[in-house]
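The structure presented is a predicted model; accordingly, all values stated were derived computationally and were not measured. Numbered from 1 within each chain, the chains take letters A, B, ... in sequence-line order. Only heavy atoms go into these numbers, but all of them, side chains included; no hydrogens, no water, no symmetry mates.
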Amino acid sequence: MFQETIKEAGLNPYLFQMTNIRDQNSWVHMHEPAAATEKAKDLVRMAVAAARNLDPLQRQKIKMINKALVIGGGISGLNTALAFGEQGFKTYLVERETELGGYARNIFTTIEGNNVQKYLTDLIEKVKSNANIHVFTKTMIKSIEGYVGNFKTTVVQNPSGKESDFEHGIVIVATGSKEYQPKEYMFGEDPRVILQSHFEKLLHTDIDQLKQKKTIVMIQCVGSRNEEHPYCSRVCCVEAIKNALKMKETNPNSNIIILYRDIRTYGFKELYYRQAREKGVLFIQYEKEKQPRIEKNKDKLRVVVDNAKLGEISIDTDLVALSAGIVSQKGNEELAKILKVPLNDDNFYLEAHVKLRPVDFATEGIFLAGLAHSPKLIEDCIAQSLATVSRACTLLTLDTIESEGKISFVNSLRCTGCGLCISVCAYNAISINEEDGKAYINEILCKGCGACSATCRCSAIDVLGFTNQQINNMIFTKEY
Amino acid sequence: MTQVTPQSDLVIKSSDWEPKIIAFLCNWCSYAGADLTGVSRIQYPPNIRIVRVPCSGRISPYYILKSLQVGWDGLLVSGCHPGDCHYLTGNLIARRRFAVLKDLLTFMGIEPERVNFSWVSAAEGERFAKIVKKVVEQVKKVGPIRKMVKTL
C-alpha cells in the first residue's frame, strides 16, 4: 500500500523501509510505556540503518509465449489440451503410445454406470478435430529448455527418429501411471488368475465365458500398502465392487467373495459397498501379515484365507481376480530430470504445496494433472485437469510476465562456482555458466528467498532489498 | 482528576538490567505471527527487536555470530513450520544450518539459552508471545553477554 503511494508519487517503490511500531510494539507492551518507547527508538534506529542502503529496484518484463505443451494423452492430458484449445491457445499434445486414451482404454464404465469408452472416443475426436491442438503420437520428449513463458522443446517421433522443435510458455505433466503387474498369487502361472482390469474386459466383451464361472474370488491390495508401495491406490476397492455388482447383475447366482484388508470406497461410493453387501457379495478380511494363498488342487483352484474371527477358510474357485494397485511410470525419473521437477518417495510427481498450490510445480510455469500426481479416479483426474488449466491460464492470458524485484544476484568476482547455491535453490533458478564457471541467477525464476546467499561461502550472492549490508546495519545498531 | 505519569518514570534505572534480544523473523509466517500477537493485544516483554527477513533460509550464520559479537544478549530465529515454508524448503535448510551452528556456539562457550530457534506460523500469535516470554526469561537467567563481545 505504501509502496503503491510511492510509485504514484513517481518514485521507485522499492525505496521503502517499514518498521512496525504498532502491531509489534505499542499493542504488545500496553502497560510498559517507558520500555516500549525505548523499543520504538531502537526499532526506528534499525529501520533507518537499513534504509541507508536501499536501492531502487526494477522488475524485469519478459514476453509470454501463449502456447501450451501437454505431456501425456490420457484422460487428463486430453481434457487439459481440449480446454486450452477451446480457449484459443495453441497446444502441443505429446503422447508416447500409438493411440490416445492412456489407461482409460482399459476402463469400460464408472461405478455410477457412465460409459467411459464412449466418453473417451468423443474426447479424442474433439481433441483431434480442434484446430488449435497439434497431436504428436508415438513421440518422446527429447529436451525441454528455457523457463516460464519461453520454453523450447524438442520431440522425437518413433520409430522414424524425426525430430521437431516448438516453443511454448507453459508445460503440463499428465503422464499417468500404470497397473501393478503382480508377482504374487500365481499370476501368470495359472490362466484362472487374472487382473481386475482383465476381469472388467471379460465382463464387457466376453460375458458368455464368465457366465459359466460359479465362484469368483477377488483379492484386494495386491502390491499395495506394503513395503514396496506403502500408499493406498484409491481406485481398486471401487473397481472390485463395480465389477462384483456387474457380475451379480449378469448372473445373480454366482458367488463373489472379496478378500480385503480395508474397504475404502471414497466419498459417496460407500453406497455401492452397501449395495454389494445387500446383493450378497461376501467380504472377508485378511491381515497384512497373513496374505491369502492359492493352492492348485488338480483342476481346482483353492484360495485359503486366514480371518481373525473365522479362522482359516478354504474357498474352491473358478476364477481369481487380483485388484492390483497403481504404480508410477518408469519414465518419470527421466522426465523429472528434463523438467527439473521433484518426485515423491513413490516416484509420483510432487506438487509445490499440497494445499496452497496443489496443481503447480515449485518451478514456475510447470503444472501437473491426473495419475502422474497420485492414484485417483476418473472424475478426480478430470477435475484436476480443469484446475490445472485455470491455473495455467493465469499465465497464458498474459502478454508479458514480470519478475520479482527483490531477487538474488551474484558478484562474479567472488564466485568460485562451487555450486552450493544450486543445491539449496528450490526454484532451479541458479546454474553455472559454462563459459566462465560462475553461478548465474535466472531473474524470472528467482523468488528472492535468500537461501543461496546464506549458503554461499564466498559471500558472492546477495539479495536485493534484503542485502547483507542492510541486515548488518540493523544488527550493528546495538553498538550505538 | 487523572493522574499524570511523572517524567521520572520514563527513565529506566540502570540497576534493573534488561536483556536486549534480536529476533530474525521470516516475512511470511513468524513476522505475520508477531503482527497477529499485536492485533490480538497479547502482551509480551519488550526486550526483543525484530528484523524482518524474507525466509529463515536467508539468515546467514554470520548474522548470528555478529549479533552476539556486537552485544545482543540473546537471539531468536523464527520461520515457518517445517513443510509450510513459503519458499518450499528454506526453513529446512535453516534448520540444518542452525543445528550445526548451535553446536559450534555451545562449543565456543556461548550459553545455549541465548540462541533460540523456533517455528511460528502466521496464525500463532499466542505462541509467538509465549516463545518471546520464554526466551527473555532464559536470557535473563544467564545474564549479559560477555563471551564474544569486544570490550576494547
Side-chain angles (χ1 to χ4, degrees), chain A residues 17-40 42-43 45-47 50 342 352-357 362 406 408 423-427 447-456 459 463 465-466 468 470-472 474-480, chain B residues 5 9-12 18 20 22-27 31 34-64 66-67 69-73 83-94 97 125 128-129 132 150:
Chain A
Q17 180 77 31
M18 177 157 166
T19 190
N20 203 332
I21 307 283
R22 188 185 67 178
D23 297 25
Q24 295 177 0
N25 192 3
S26 60
W27 282 354
V28 289
H29 313 306
M30 284 194 289
H31 312 299
E32 300 163 274
T37 306
E38 282 307 308
K39 178 174 172 178
D42 281 350
L43 289 176
R45 199 173 283 135
M46 289 164 86
H353 191 289
V354 66
K355 288 176 192 160
L356 302 178
R357 292 172 69 195
K406 295 183 175 181
S408 298
S423 66
V424 297
C425 181
Y427 301 98
K447 294 273 168 288
C449 72
C452 52
S453 170
T455 302
C456 182
S459 284
V463 185
F466 288 102
N468 285 326
Q470 286 176 298
I471 295 174
N472 279 334
M474 293 171 94
I475 294 170
F476 276 84
T477 54
K478 181 68 181 66
E479 287 192 325
Y480 302 146
Chain B
T5 317
D9 272 13
L10 283 171
V11 182
I12 303 165
E18 284 288 336
K20 273 198 181 177
I22 189 165
F24 296 96
L25 306 186
C26 87
N27 188 20
Y31 191 87
D35 273 353
L36 182 66
T37 317
V39 174
S40 322
R41 306 293 196 279
I42 302 167
Q43 304 295 302
Y44 59 78
N47 303 65
I48 65 154
R49 308 289 182 260
I50 292 171
V51 175
R52 186 166 65 107
V53 287
C55 174
S56 50
R58 167 76 184 102
I59 302 160
S60 158
Y62 176 89
Y63 301 160
I64 293 177
K66 266 295 166 208
S67 300
Q69 211 177 17
V70 300
W72 291 94
D73 298 300
D84 286 347
C85 181
H86 181 83
Y87 299 107
L88 311 167
T89 53
N91 57 354
L92 304 181
I93 295 163
R97 183 183 293 146
F128 181 74
V132 172
K150 283 185 198 168

Do [X] and [Y] have side chains that get closer than 4.5 Å, going by heavy atoms?
X      : Y     : value
A:H353 : B:L88 : no
A:I475 : B:V51 : no
A:T477 : B:W72 : yes
B:Y44  : A:H29 : yes

Could you tell me the separation between the [atom1] atom of [X] and the [atom2] atom of [Y], rounded to the nearest 0.5 Å?
X      : Y      : atom1 : atom2 : answer
B:L36  : A:W27  : CG    : CH2   : 11.0 Å
B:F24  : A:I471 : CZ    : CD1   : 7.5 Å
A:F466 : B:I59  : CZ    : CD1   : 11.0 Å
B:R49  : A:K478 : CZ    : NZ    : 9.5 Å
A:L356 : B:D84  : CG    : CG    : 7.5 Å
A:C449 : B:N27  : SG    : CG    : 12.0 Å

Contact part of [X] toward chain A, heavy-atom cut-off under 4.5 Å: side chain, backbone, both or neither?
X      : value
B:L92  : neither
B:F128 : neither
B:I50  : both
B:P61  : side chain

Is chain B contacted by the side chain of [X], its backbone, both, or neither, given a heavy-atom distance below 4.5 Å?
X      : value
A:T455 : both
A:M46  : side chain
A:N25  : neither

Quick check for you: among [options], which has the greatest number of heavy-atom pairs under 4.5 Å with chain B?
options                      : value
A:A47, A:A451, A:C425, A:S26 : A:A451
A:M30, A:R22, A:H31, A:M474  : A:M30
A:V354, A:N468, A:L43        : A:N468

Could you tell me which of [options] has the largest number of non-hydrogen atom pairs under 4.5 Å with chain A?
options                    : value
B:K66, B:H86, B:Q69        : B:K66
B:S60, B:G83, B:G71, B:P54 : B:P54
B:I93, B:V132, B:T89       : B:I93

Closest non-hydrogen atom pair between [X] and [Y], with its separation:
X     : Y      : value
B:A34 : A:Q24  : CB-NE2, 3.7 Å
B:Y87 : A:Y427 : CA-OH, 3.1 Å
B:I42 : A:V28  : O-CG1, 3.3 Å
A:K39 : B:P46  : CD-O, 4.0 Å

- Residues forming a salt bridge (Lys or Arg N to Asp or Glu O under 4.0 Å) with A:K447, sequence neighbours excluded: A:E364

- Which pairs count as salt bridge (Lys or Arg N to Asp or Glu O under 4.0 Å) when at least one residue sits in residues 50-64 of chain B, sequence neighbours excluded? A:D462-B:R58

- Check: B:P45 main-chain N/O paired with A:E32 side-chain donor or acceptor under 3.5 Å: no

